[in-house]
Amino acid sequence: MCSNSTVCALALLVVVWVSPSRTWGEEPTAAQPAPASGYAVSELVNVVGSAEAIVHIPGSAHIIGKEELEVQSHDDIHRILQSIPGINAQEEDGYGLRPNIGMRGTGVERSQKITLMEDGVLIAPAPYSAPAAYYFPTPGRMEGIEVRKGSAAIKQGPYTNGGALNMVSAAIPSSWSTRLDGATGSDSAYRLQGLVGDSSERFGWMLQTYQLDTGGFKRLDGGGETGTKLHDYLGKVRFSSGVSASLHQTLELKLGRTDQVGNETYLGLTEADFAADPLRRYRGSQLDAIDSEHEQIHLRHFAVPGGNVDVVTTVYDNRFYRDWFKNENVAGVSNASVLADPVSYVRELGILRGETDSGPRDLRLRHNRRDYASRGVASIFGLGALAGTVDHRLEVGVRFHEDREDRFQEEDLYGMLGGRMVLGELGVAGSQSNRVGEARAVALFVQDRIAWGRFSLLPGIRYESIRHRRLDYSTRDPRRVAGPTRLRENKVRALMPGLGLALELGGGHGLVAGVHRGFSPPGTGSTEDVEVERSTNYELGYRFFGDGFRAEAIGFVNDYDNLLGAETVAGGGTADGELFNGGAVKVRGVEALVGYRHRAGSLTVPLNLSYTYTEGKFRTSFLTSFADWAPRVEVGDRLPYIPKHQLRLASGVSGRKWSVNLAGSYVAAMRTRAGQGPIPAGEGTDSRLVVDVGARYQLLVRLDLYANVRNLTDDGYIVARRPYGLRPGLPRTVIAGVSFDL
């Protein structure tokens, strides 16, 4: 892949510009169907497969397609997922670059309690050994997003308590295609997307880029960068057997690279400073920044040995590196303590603000440097069979996977002098943390979608065998020549049965029900005292599909035998990755949605409503040092960072060449620490109503103009109090652009 992002972008633009195109003003010809059986591949590999498949899935399944993504004209995954009920998300940087996503009451922190995939491949940096997703696939280059929850998610794993999120990357075009999209907006932001590709009977290819540069919406005291630069590149090439071949086969290679440099910080504000200016950033964060690189290589083989048999095998290798250089504490006091009690720590707060000079080593900045690797091979066998009046779709899958996280961190010491940070002492590489976590896993699943008359059954079972190992090296042994000073090992085996049921009542009405065993791997931070996270999950619901109309309401209960909490800096704890037993927990809730598309002459009026009610409570009492629960949990305490109510209403109107869309999202106030009763001051976020509006106009046959305003009312709100102080949501942001498709 390209080593220089600017050269790569220019090269792609040149290819696009000189590529053959049709005359402007002519209607494009209809695309020819791809020679590969893409529907069969998507059914086997992806979470849902197609919008048509949702009707027959005995459980909760959702797709956000290419058209809906284009209408939204933005790439914040938090905003995109608001249209799907049952998802909990905590904002952080305002742009959704490092999202915090949970499903049905699972923890949201760094999306580590859901199965996160791209094109059906595990994509978190190290899904088993270090699942906290400091890398997230770039939503702006996707053409679809799939979500599956409940018993229908048994096929995906290893995380089955909540569900699976699959990002569907742009497919190789079935005929010559060239797309360009450029936009600019608030905070000196610009965005550039480009795609070019083509297919013949036996060969197809595609190149794609996504570029983002924003100056950031926070204002650093004394001036300085607070924005992010992101460069994403993707290439695909496909070889297919001819249409007359007796054995149809397709081999597709996918290569991707993402580079990101973000002048982002974990350092928030005190209550008083947030009230005065929520977008302020203290001088103590002037050097905070994250630098990351992600590379992916996926090779997928698809074969159809017979008319009702197909097999997909994928070999994958993902690499991720990041170094988050950030302020950890001041004068020996944690940032969290300073911002929570500024009266007791007046001097320390003055240093963070840059108003008070400090000693030469009072500010401790850590290189959170980590290397991740994730690779494996997965194969899925599909068999369709008709036994009398019973239709079977049997799927059998196996995955061999291994991943690792290599932590090699040190801390540099700085002083604050005249509002500027001055280096006092460089840290020795590996002197803060020097360890490797590894995981090897074998996963098997069998499921059969059985259709008989009005009934659809989905029995399935999943098996996971996992071996974790963590090697701690001396912080005085950066070359690791003396071997590990400590070795942790654990083996986990889990069996996850599930059963889904769908009953068609006629006229588009239907019922769904399901029960399954939920599971989350414990990770390398577990000890003998840590129990595996398991739950028994139930769902029951109603849905309706009619002409331009969809409605759904599903109630769910997740009954945990033991809930695990994972200690991370992002969550306000340490970087040790220790795990904590939360005991028995019950999460219950309701997911509801209504979608309708009304046509009146040349006008179309869409209406979409989604609502989520979630309530999670502890059923045991205990003492703990886990930051989100500490110091004591009582029976009946609510889980933190899970809002009780979430509501989104979106509507608009479109004509033959134009459209206007409006969306309002409400999120109730939520606890930032476990507890019950009214939320105490300093232990919750704001309730908020955020309104987004967008418009699009077709200037020429293949050229569209668009504009989008996020947070139209410029509502200022708290999104988090972790890890250090209060942090704001995205203020009013405007972006306008042009897109064309040749």
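As the structure is a prediction and not an experimental result, all values here were calculated from the model.
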Check the side chains of [Y] and [X] for a donor-acceptor pair under 3.5 angstrom, ignoring hydrogens and angles.
{"X": "Asp232", "Y": "Thr258", "result": "yes"}
{"X": "Gln260", "Y": "Arg98", "result": "yes"}
{"X": "Glu91", "Y": "His78", "result": "no"}
{"X": "His367", "Y": "Asp323", "result": "yes"}
{"X": "Asn558", "Y": "Ser535", "result": "no"}
{"X": "Glu533", "Y": "Asn161", "result": "yes"}
{"X": "Thr265", "Y": "Asp288", "result": "yes"}
{"X": "Asn434", "Y": "Thr475", "result": "no"}

[X] side-chain N/O to [Y] backbone N/O, donor-acceptor pair under 3.5 Å:
{"X": "His468", "Y": "Arg488", "answer": "no"}
{"X": "Ser358", "Y": "Gly415", "answer": "no"}
{"X": "Ser111", "Y": "Pro99", "answer": "yes"}
{"X": "Thr614", "Y": "Gly589", "answer": "no"}
{"X": "Arg732", "Y": "Leu712", "answer": "yes"}
{"X": "Glu683", "Y": "Pro680", "answer": "no"}
{"X": "Asn490", "Y": "Thr524", "answer": "no"}
{"X": "Thr485", "Y": "Asp472", "answer": "yes"}
{"X": "Asp371", "Y": "Tyr321", "answer": "no"}

Taking [X] first and then [Y], would you say they form a salt bridge - that is, a charged N and a carboxylate O separated by under 4.0 Å?
{"X": "Asp412", "Y": "Arg361", "answer": "no"}
{"X": "Arg470", "Y": "Glu438", "answer": "no"}
{"X": "Arg688", "Y": "Asp715", "answer": "no"}

Subject >> Parallel, tilted or perpendicular: ring planes of Tyr266 versus Trp324, cut at 30 and 60 degrees >> reply: tilted
Original post:
Parallel, tilted or perpendicular: which fits the ring planes of Trp629 and Phe622, with parallel below 30° and perpendicular above 60°?
Top reply: perpendicular
Can you sort out the partners of [X] under salt bridge (charged side-chain N to carboxylate O under 4.0 Å, His left out), two or more places apart, ordered by chain and number?
{"X": "Arg476", "result": "none"}
{"X": "Arg721", "result": "Glu271"}
{"X": "Glu405", "result": "Arg370, Arg407"}

A side-chain contact here means heavy atoms from C-beta on lying under 4.5 Å apart; do [X] and [Y] qualify?
{"X": "Ser285", "Y": "Asn327", "value": "no"}
{"X": "Leu81", "Y": "Ile101", "value": "yes"}
{"X": "Arg283", "Y": "Arg353", "value": "no"}
{"X": "Leu471", "Y": "Glu489", "value": "no"}

Subject >> Pairs touching residues 329-354 that satisfy ring-ring contact (aromatic ring centres under 6.0 Å, His included), sequence neighbours left out >> reply: none
**OP:** Identify whether NZ of Lys or CZ of Arg in Arg435 sits under 6.0 Å from the centre of the six-membered ring of Phe408 and within 45° of that ring's axis.
**Re:** no
Original post:
Do the ring centers of Phe217 and Tyr95 come within less than 6.0 Å of each other?
Top reply: yes
Original post:
How would you list all residue pairs meeting side-chain hydrogen bond (donor to acceptor under 3.5 Å, both in side chains) that involve residues 666-679, not counting sequence neighbours?
Top reply: Asp637-Gln676
Subject >> Least distance between heavy atoms, Ser334 atom then Asn329 atom >> reply: CA-CB, 3.8 Å
**OP:** State the CG-CD1 distance between Leu165 and Ile87, to the nearest 0.5 angstrom.
**Re:** 6.5 Å
Going by atom type alone, with no hydrogens or angles, which donor-acceptor pairs under 3.5 Å involve a side-chain atom of residues 579-586 and a protein atom two or more places apart or on another chain?
residue	atom	partner	partner atom	Å
Asn581	OD1	Glu531	N	2.9
Asn581	OD1	Asn562	ND2	3.2
Asn581	ND2	Asp529	O	2.7

